[in-house]
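We count ligands from 1, going down the list as the structure has it; atoms in each ligand are counted the same way. Along the sequence shown, residues are numbered consecutively beginning with 1.
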Amino acid sequence: MVILYDMSETPAFDKLSILRLAFVGLADDELREMAELTKLCTYPVDHILCHEGVYEEVFYIIAEGNVRITKKISENEERVFRISGKGDVVGEMSLIQNAPRSATVKTSTECTVLEMEKKDFETMLSRSPRMALDIMRTTLSRMRENDQQAIAELQKANKVLSQLDRNKLEFIQVAAHELRTPLTVLKGYVSVLNSLTAIKDNSSLNDVVSGITKGADRMHEVVNMMLDVTRIDNETMKVLPTLLPLKPIILDLIKGFTSAIDERKINITIEQSVDTPLINADPSLIQKALHNLLVNAIKYTPDGGSVAIDIHPAVLENNSPAIEINFKDSGIGLDTEHHELIFEKFYQVGDVAIHSSGKTSFKGGGAGLGLAIVRGIARAHGGKVWVESIGHDETNLHGSIFHLLLPVDPQSPRPVTK
Ligand code: ADP
């Protein structure tokens, strides 16, 4: 319930001395003129003077008491901009802008204020350049204060996020190392089983053991990806360059997926421009990057689709020679809002729970690490990776093109945008 105190209860305030506090450079005749256009009101604690998001027509000068200025930042959270007290002006910004209130102003004690209507405020502004200047100064310094406060809060939040990211990374590193040891033991036992004639001669036991081998290999791959991601984030990924022809590497990778490609009837082609030079790059890292791009192109393309790989010379932003490898698929595509985020670790589009399980089956599950590793490898060589797609569409299948740009000679790693 809002109780507007009876005016007779408002103690006697000298309007001129309050206005003098608020507008330092104003002459007495201007202050008197202003005083005549204001009325004194007293409000109880918790009374809202300005409602965020609402067009209101009053501007306030605080004569006594305090108000809290807050802004909603989410459904259940608000941010306190500041506490204002005697001599402060509030509610002027939205009147100048002809905009709804950008924040809520609520009394935090009983408060006496001088109120001025919008039309009178505008008359005063047009008549008194000094008042206009004063208001401008107050408003600008407030905006600057708000900016500085927001920057300080962002810096604090960033620090917390970086710490959380480091904790997550440490957890991944410990988990990967802890998993690796029992996995190595398991793989050792499986290879012993594989060599036993009793198993070799029994086709159903053979199927069981080959199932365990496949599962253990896949787990090994995921554990290695977890370790790769921690190396990228700790910037401890070492590049050991040697001269590489890319086409044979890609052909070899494709060979590894022959059964999946045949089963899913995916048509894979590879073209290389004749003038494509060899590149100086780390073979195992480049193989990993190309492997992840190829797996994704197959995984996100429905049965019967196509993947076209194209290799050609290119240049980096600094004009040094590079080569570009494009993976163009006829798959489900990707909405623009995900184009940057898919390169962040653990980022996956859509509901992970509905992914199918096979590594190369359509929309098969993954750890959301593949593209983060590709980006880490590209950056470690001084190159970059990005995606082009007009959007996700599982009916029309516009597909995606993943571009990997690698320098002919590794450049010092640098943060690359795009
Ligand atoms: P995941 O293990 O989930 O495949 P990635 O880091 O390799 O992790 O990819 C991140 C996300 O990017 C995937 O979950 C998928 O939504 C999207 N994505 C990657 N490649 C493609 C592609 N060729 N077509 C459509 N979406 C893709």
Side-chain angles (χ1 to χ4, degrees), residues 165 168-169 172 176 217-233 237 250 253-254 257 260-261 264 266-270 285-310 324-380 384-404 418:
D165 203 44
K168 194 162 77 181
L169 215 64
I172 299 170
D217 285 346
R218 178 74 188 119
M219 262 179 87
H220 201 189
E221 210 174 304
V222 173
V223 165
N224 282 342
M225 278 177 111
M226 287 161 75
L227 288 173
D228 281 340
V229 133
T230 61
R231 279 186 207 113
I232 285 164
D233 274 26
M237 180 175 272
I250 299 177
L253 288 171
I254 297 174
F257 293 113
I261 294 166
R264 299 204 33 228
I266 305 242
N267 179 35
I268 304 201
T269 55
I270 177 161
L285 294 180
I286 295 299
Q287 196 199 29
K288 257 181 213 166
L290 297 169
H291 169 92
N292 287 327
L293 291 174
L294 181 64
V295 167
N296 281 350
I298 297 173
K299 198 161 73 169
Y300 297 103
T301 298
D303 295 7
S306 64
V307 176
I309 304 159
D310 170 63
E324 188 173 327
I325 309 124
N326 295 337
F327 288 77
K328 182 177 192 296
D329 63 55
S330 66
I332 58 174
L334 203 62
D335 289 334
T336 342
E337 71 210 72
H338 305 295
H339 285 192
E340 299 275 342
L341 291 168
I342 49 168
F343 297 99
E344 297 299 329
K345 55 183 180 297
F346 301 113
Y347 189 84
Q348 292 184 309
V349 181
D351 188 353
V352 179
I354 59 166
H355 282 185
S356 57
S357 57
K359 181 178 154 187
T360 46
S361 49
F362 182 44
K363 297 198 280 179
L369 295 176
L371 290 178
I373 293 173
V374 177
R375 184 176 68 174
I377 293 173
R379 285 181 174 180
K384 63 184 181 183
V385 59
W386 70 101
V387 66
E388 210 186 315
S389 175
I390 57 170
H392 177 102
D393 186 339
E394 296 200 20
T395 312
N396 296 305
L397 300 167
H398 298 302
S400 319
I401 309 179
F402 279 81
H403 302 260
L404 175 62
K418 178 146 191 178

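- Considering Tyr300, Phe402, Phe343 only, the shortest heavy-atom separation from atom 15 (C) of ligand 1 involves Tyr300.
- Under 4.0 Å is where a charged nitrogen must lie from a carboxylate oxygen, and between Arg375 and Glu344 at least one such pair does.
- Each of the atoms 24 (N), 25 (C) of ligand 1 lies under 4.0 Å from some heavy atom of Ser400.
- With hydrogens and angles disregarded, a donor-acceptor distance shorter than 3.5 Å links the side chain of Arg264 to the backbone of Thr301.
- Contacts between Asn296 and ligand 1, counted as non-hydrogen atom pairs separated by less than 4.0 Å, involve both the backbone and the side chain.
- On a distance-only criterion, Leu334 and ligand 1 share no N/O pair closer than 3.5 Å.
- Remark: ligand 1 atoms within the under-4.0 Å shell around heavy atoms of Gly333 are 25 (C).
- Residues satisfying the salt bridge (charged side-chain N to carboxylate O under 4.0 Å, His left out) criterion with Glu394, sequence neighbours excluded, are Lys363.
- Under a 4.0 angstrom heavy-atom cut-off, Gly331 registers as lying outside contact with ligand 1.
- For His338, the ring-ring contact (aromatic ring centres under 6.0 Å, His included) partners are Tyr347, not counting sequence neighbours.
- Taking all atoms of both residues into account, the shortest heavy-atom contact from Met226 to Ile172 is CB-CG2, 3.6 Å.
- The CG atom of Leu369 sits 9.0 Å away from the CG atom of Asn292 when rounded to the nearest 0.5 Å.
- Only backbone heavy atoms of Leu369 (N, CA, C or O) come within less than 4.0 Å of ligand 1; its side chain stays farther off.
- When Gly399, Gly368, Ser389, Gly370 are ranked by how near their heavy atoms come to atom 2 (O) of ligand 1, first place goes to Gly368.
- Of the candidates Met225, Gln348, Lys328, it is Gln348 that places a heavy atom closest to atom 3 (O) of ligand 1.
- Residue Tyr347 has at least one heavy-atom neighbour below 4.0 Å for each of these atoms of ligand 1: 10 (C), 11 (C).
- The shortest separation from a heavy atom of Asp329 to ligand 1 is under 4.0 Å, placing the residue in contact.
- Proximity of a side-chain donor or acceptor of Thr230 to a complementary backbone N or O of Leu169 within less than 3.5 Å is not detected.
- Using a 4.0 Å cut-off between heavy atoms, Lys299 contacts ligand 1 through its side chain alone, with no backbone atom that close.
- Note that CG of Leu397 is 8.5 Å distant from CD1 of Ile332, once rounded to the nearest 0.5 Å.
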